[in-house]
Protein chains: 2
Amino acid sequence: MKDSDFLINPIRISLVEDDEIIREGFSVLLNQTPKFNVVSTYGNCEDFLKNINNDKPQVVLMDIELPGMNGIEGIEKAKKINPKIQVIVVTVYENDDLVFKALCAGAGGYLTKNVPSQYLSDAIFEIINGGAPMSTNIARKVVASFQKNHHSPLSARETEVLELLAKGKSYSNIAEELFVEKETVRTHIKNIYWKLEVHSKAEALEKAKKEKYIS
Amino acid sequence: MKDSDFLINPIRISLVEDDEIIREGFSVLLNQTPKFNVVSTYGNCEDFLKNINNDKPQVVLMDIELPGMNGIEGIEKAKKINPKIQVIVVTVYENDDLVFKALCAGAGGYLTKNVPSQYLSDAIFEIINGGAPMSTNIARKVVASFQKNHHSPLSARETEVLELLAKGKSYSNIAEELFVEKETVRTHIKNIYWKLEVHSKAEALEKAKKEKYIS
DNA sequence: CCAATATCACCCACTTTGGGTGAGTAGCAA
DNA sequence: TTGCTACTCACCCAAAGTGGGTGATATTGG
């Protein structure tokens, strides 16, 4: 599909943003190009969800901090109504937790609000073309979330054991998989607990994941 | 830092790519701009790693499919030698497994090889500025990896229970957390096993993660 | 109304888990 | 050489966890 095709069938866009100034700004900005058709704008998720089947947006620009239902819930419900809807989060918040919650909820893009106006249009085209538009800092966060902490107190073997424990395997399972005795696995786990200063599987996994000793 | 600063201190770049044509092409292309300084090019990881402390590259463009050590291992070892090195994978492979293995190994960017030459330069600036340059399709894969399967056979409550089980919690832990009896948790788990056609925690978690019923 | 969901109970047997203590081997670095 | 760490294995114990079976009740949405 070429960009010019959108002149015949402009991309249907809804905006959910409680700040009226920003909302109208985005709306005017996007409507400047005939490739976009801002079909509706809302100040909260409730109204947006109520009209979603009428508006039939292809792309939604969604704020996170909203009166009433927050954007995360809004994304979840919107995706449940129509999984094909592409949601781009546009927010000032770049707190790690929010970013990952939004992506888990179904956001397909995430922009921090200081985006130059050109980026907005680019992002919309990108998500329509199967991409995942993200601000620089967000992309880095997302990629970093895959990477492990290089300053783990755990030895290679211990990390291996803990990784298998994280998959829900029992000591015996792990022993078989690593071709060692169950007693050896037990010793590794005792040492892991000692190093992480914990006294149970759940605590160890929580700490190890938080500190990114395991993925 | 402004782009113009790189005229005084050009960005030091190493290339690891076994196809000599591509390698030389990239090298010539990047050296066309005085902001870049391609300090070395290699056809395999072994040679690259041997000279890494001499070359002192800030950015490495790394192929995955290489004779001898593959790119994934290469990234791991390079990051172990100098964690500050920024690695951008440049490859034709966009197999899910490889993408995530590369990111876990420490890659900070991932481009599929049909990148227009302009993108290469942009990507290098982006990674130096704390971003994570990715091709459209790769970014989508990465974002999609956070999202759950909307066609889960599990009920909301069952998913909740399984999610806690994945954290290594015991039935009793889960019961407390959900304010129900342990017996109720046991029933949920029995139903989960039945639905997923498995007979143990490890099997259930494996299947549920593979099918993305839980994260 | 029926099916699915969520809740709880009691049976049983086996395994798992966490903690304690001790000990041998190997490799590496001061 | 002497430590240190890592990796391996063994045996003790008691409590808790796990998987499977069967049953029940209440609520809810299509």
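Just so it is clear, the values below take in all heavy atoms, side chains as well, and ignore hydrogens, waters and symmetry mates. First the proteins, then the strands, lettered A, B, ... as listed; each starts at 1.
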OP1 or OP2 of C:dT15 versus the side-chain N and O atoms of A:Ser170: is any pair under 4.0 Å?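 The answer is no; no side-chain N or O of A:Ser170 sits under 4.0 Å from OP1 or OP2.
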
Taking OP1 and OP2 of D:dA6, is either one under 4.0 Å from a side-chain nitrogen or oxygen of A:Lys195?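 Indeed, a polar side-chain atom of A:Lys195 lies that close.
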
Charged N to carboxylate O below 4.0 Å: is that the case for B:Arg12 and B:Asp55?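 Answer for the salt bridge query: no.
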
When you check the gap from the basic side-chain N to the acidic O, do A:Lys167 and B:Glu206 get nearer than 4.0 Å?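 B:Glu206 and A:Lys167: not salt-bridged.
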
Using a 4.0 Å heavy-atom cut-off, does A:Thr184 contact any base of the nucleic acid, only the sugar-phosphate backbone, or nothing at all?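 Base contact.
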
Rounded to the nearest 0.5 Å, how far apart are [atom1] of [X] and [atom2] of [Y]?
| X | Y | atom1 | atom2 | result |
| --- | --- | --- | --- | --- |
| A:Glu211 | A:Lys148 | CD | NZ | 15.0 Å |
| A:Lys101 | A:Asn70 | NZ | CG | 8.5 Å |
| A:Tyr171 | A:Leu164 | OH | CG | 13.0 Å |

Rounded interatomic separation in angstrom, taking [atom1] from [X] and [atom2] from [N]:
| X | N | atom1 | atom2 | result |
| --- | --- | --- | --- | --- |
| B:Glu181 | D:dT25 | CD | C1' | 15 Å |
| B:Trp194 | C:dA4 | CH2 | C1' | 11 Å |
| B:Arg186 | C:dC12 | CZ | C1' | 10 Å |
| A:Ile192 | C:dT17 | CD1 | P | 13 Å |
| B:Glu183 | C:dT5 | CD | P | 20 Å |
| A:Lys201 | D:dA16 | NZ | P | 16 Å |
| B:His188 | C:dT7 | NE2 | C1' | 7 Å |
| A:Asn191 | D:dT5 | CG | P | 11 Å |

Under 4.0 Å, heavy atom to any atom of DNA chain D: which of residues 148-161 of chain A qualify?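 Under 4.0 Å from DNA chain D: A:Ser155, A:Arg157.
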
Has A:Lys212 got a side-chain atom pairing as donor or acceptor with A:Ser145's backbone, closer than 3.5 angstrom?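 Judged by distance alone, yes, a pair lies under 3.5 Å.
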
Residue met sooner reading DNA chain D from 5', once B:Tyr193 and B:Thr187 are mapped to nucleotides: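 This one resolves to B:Tyr193.
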
Can you figure out which of D:dG20, D:dG17, C:dT16 approaches the side chain of B:Lys182 most closely?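 Nearest nucleotide to the side chain: D:dG17.
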
A:His151, NE2: over 12 other non-hydrogen atoms inside 6.0 angstrom: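 Incorrect, the count does not exceed 12.
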
Does A:Lys190 get its side chain close enough to the base of C:dG20, under 3.5 Å, for a donor-acceptor pair?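 Check passes, donor-acceptor contact within cut-off.
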
